[in-house]
Visitor: 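Following this message is one structure expressed as structure tokens.
Per chain, numbering begins at 1; letters A, B, ... match sequence-line order. These figures come from a predicted structure and were not determined experimentally. Just so it is clear, the values below take in all heavy atoms, side chains as well, and ignore hydrogens, waters and symmetry mates.
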2 protein chains.
Amino acid sequence: MGRPSDPNAKIDLLRAAEAEFLARGLDHAKVEDIAVRAGRSKGAFYLHFASKEDAFRQIVESMLARLAATLDDGGIFDPGGIFTREDLGLAGGPQVLAAWLDKDVQIFEFVWHNRRVFRMLLEGGRSATFGYLIDEFAERTRSNTVRFLAWGVRQGFFRADLDVDLASLVISGAYDRVARHLVRSDGQIDLRPQCAKVQRLVLGAISSPAFAALVDSQVRNWNPAPLPGIEVPGPRRPRTAGTRSR
Amino acid sequence: MGRPSDPNAKIDLLRAAEAEFLARGLDHAKVEDIAVRAGRSKGAFYLHFASKEDAFRQIVESMLARLAATLDDGGIFDPGGIFTREDLGLAGGPQVLAAWLDKDVQIFEFVWHNRRVFRMLLEGGRSATFGYLIDEFAERTRSNTVRFLAWGVRQGFFRADLDVDLASLVISGAYDRVARHLVRSDGQIDLRPQCAKVQRLVLGAISSPAFAALVDSQVRNWNPAPLPGIEVPGPRRPRTAGTRSR
DNA sequence: TCCATTGTTGACCGCTGAGTCAGTAATGGG
DNA sequence: CCCATTACTGACTCAGCGGTCAACAATGGA
């Protein structure tokens with residue numbers, strides 16, 4: 001059978017490549033350095049990857065595949081999911097908010113677990129060759145937001161005079177920045193309360209007066225078991241140690 | 001006196017460099033190509049710039065210098081400016097909103113006029129060497145937002161329970177994304193109504209109930225000469241052709 | 001017109017680093 | 001133990017490109 005290959009070789013090389021890409025950027029990272037960091041030789045690198053760019057692509061694509069799997073799991077955006085139903089009255093709001101919050105938490109948890117790759121992509125992947133990946137992802141997020149907002153306006157959840165295009169920029173930009181911050185933070189963060197706060201900010205920006213009143217009254221009536229997804233404002237509740245800069 | 005230098009040489013080279021950096025990115029742009037595009041020789045390039053990176057730095061720094069001048073002009077953030085006064089009651093709100101909107105319009109107009117350089121920086125400057133410039137600018141914007149939010153909370157304009165750190169991420173991220181979109185759009189846009197819409201979204205997210213009520217009543221009372229900075233909602237007003245994707 | 005001075009050119013140099021490949025090491029089967 | 005087979009090594013090649021400089025061009029003053 002011949003000499004068996006070291007089963008760790010490729011993993012070691014991928015890890016090392018990730019670290020070098022993060023530190024130097026795709027263009028300035030040297031294959032030699034990646035190999036040394038992985039404790040292998042340059043030749044070993046080329047046994048597993050056709051080129052430096054190929055290694056980068058493999059890292060990012062495997063992460064994106066897992067992200068897609070995470071997003072499809074649950075499938076609330078799918079036909080039959082809650083965000084495609086057109087028959088919800090305002091009363092359906094609480095369920096919508098809960099589903100929205102769950103999805104946010106799910107995505108941010110994924111981002112947190114893959115923060116090394118995300119940082120590499122965002123900071124080390126500043127290459128003209130692959131920068132389009134980030135833009136493409138941003139654009140996809142935004143078009144999802146457009147769909148969601150238009151749907152929410154039809155349902156009466158959001159202001160009828162909402163400029164959906166502009167609001168989608170504002171909201172997706174907001175989430176984007178929060179995610180970028182999350183990716184850089186080190187300590188463990190309780191994501192759900194943070195997501196709920198973001199949701200509350202966004203809701204304040206876009207919700208229709210009727211929906212805002214409903215949410216407000218529901219929160220008050222349902223104490224002390226508040227509707228999931230709506231944080232109870234008030235000084236008694238201890239502030240969660242949030243995502244703070246430095 | 002000897003041969004006089006071509007006065008257009010440096011400008012031509014800067015323009016060409018800008019275009020090449022945008023098209024290929026700093027790392028992949030070739031000095032040769034820049035020179036050819038400018039109708040000059042490679043040697044001429046090195047008469048004006050110490051290196052490729054030096055040219056990039058000169059383009060960005062001259063733009064940043066003009067931006068700083070624009071921001072300082074007016075100086076509402078300076079001591080004595082409206083955003084440093086601690087004695088404004090809620091009644092001072094309209095002035096604050098007007099000043100805020102003016103500043104936004106001013107900045108977005110600058111971004112629009114310098115959109116070529118901004119695009120170059122955002123899209124072509126994806127280099128590990130200069131990427132920090134973007135992050136630094138984002139961080140500065142955010143810390144300004146933190147100061148502004150904390151001040152507004154003290155003044156009673158914004159919700160007392162606002163998580164200033166998180167909200168600053170959300171808001172600066174929102175503005176960032178709007179600016180990035182603006183930079184890519186081609187046609188002329190009437191910036192003030194767009195800025196007013198963004199302001200209204202942000203206000204909805206963060207303003208205190210008392211302030212929101214005040215703003216709302218003022219808008220209603222002051223018709224048909226609305227308070228600058230507050231757009232009158234209503235179906236009669238024609239929708240401005242917004243910033244639309246593709 | 002001639003020359004000193006300064007501007008401009010582009011062939012050339014040298015370095016860096018991606019990618020190769022002849023040689024060596026490790027393994028399992030016979 | 002030997003050999004076929006596959007894994008792995010790292011010195012080497014070489015293309016590409018940043019940066020240089022000897023030669024040449026343009027100009028104004030004497």
Visitor: Give the ring-plane orientation class for B:Phe130 versus B:Tyr132, where under 30° counts as parallel, over 60° as perpendicular and anything between as tilted.
Guide: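 Plane angle under 30°, so parallel.
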Visitor: Tell me which pairs pass salt bridge (Lys or Arg N to Asp or Glu O under 4.0 Å) where either residue lies in residues 167-176 of chain A, with sequence neighbours left out.
Guide: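 The answer is A:Asp176-A:Arg180, A:Asp176-B:Arg177.
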Visitor: One character per nucleotide, please: for nucleotides 19-30 of chain D, 5' to 3', B when the base has a protein heavy atom closer than 4.0 Å, S when only the sugar-phosphate does, - otherwise.
Guide: BB----BBB---
Visitor: Students often get this wrong, so: under 4.0 angstrom with heavy atoms, is B:Ala35 touching a base, only sugar-phosphate, or nothing?
Guide: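 Nothing: the residue B:Ala35, judged by heavy atoms under 4.0 Å, touches no strand.
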Visitor: Go through A:Gln194 and A:Val198 one step at a time and tell me if the side chain to side chain contact (heavy atoms under 4.5 Å, CB included) criterion holds.
Guide: CA-CA 6 Å; A:Gln194 295 295 315; A:Val198 173; 5.7 Å; no
Visitor: Take atom NZ of B:Lys30 and atom P of D:dG16, then tell me their distance rounded to the nearest Å.
Guide: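 Going from NZ in B:Lys30 over to P in D:dG16 covers 8 Å.
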Visitor: Side chains of A:Gln58 and A:Asp54: donor-acceptor distance under 3.5 Å anywhere?
Guide: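 Note: A:Gln58 and A:Asp54 side chains meet the donor-acceptor criterion.
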Visitor: Under 6.0 Å from the CZ atom of A:Arg115, do we count more than 12 heavy atoms belonging to anything else shown?
Guide: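 Yes, CZ of A:Arg115 has more than 12 neighbouring heavy atoms, counting only those of other groups under 6.0 Å.
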Visitor: Does A:Arg15 pair with A:Asp12 as a salt bridge, N-O distance under 4.0 Å?
Guide: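 No.
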Visitor: Calculate the interatomic distance between A:Ile34 atom CD1 and D:dG10 atom C1'; express it in whole Å.
Guide: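 Atom CD1 in A:Ile34 sits about 17 Å away from atom C1' in D:dG10.
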Visitor: Under a 3.5 Å distance rule, please check whether A:Gln106 uses its side chain to pair with a backbone N or O of A:Thr70 as donor and acceptor.
Guide: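 The answer is yes, because a donor-acceptor pair under 3.5 Å joins these two groups.
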Visitor: A:Lys52 side chain to A:Asp27 main-chain N or O, any donor-acceptor pair under 3.5 Å?
Guide: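 Flag set: sc A:Lys52 to bb A:Asp27 pair under 3.5 Å.
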Visitor: Reading DNA chain C from 5' to 3', where do the contacts with chain B start and stop? Cut-off is 4.0 Å to heavy atoms.
Guide: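 Listing 5' to 3', DNA chain C meets chain B from C:dT5 to C:dG10.
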Visitor: Specify the separation, in whole Å, of atom CD of B:Glu20 and atom P of D:dG18.
Guide: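 It works out to 11 Å between those atoms.
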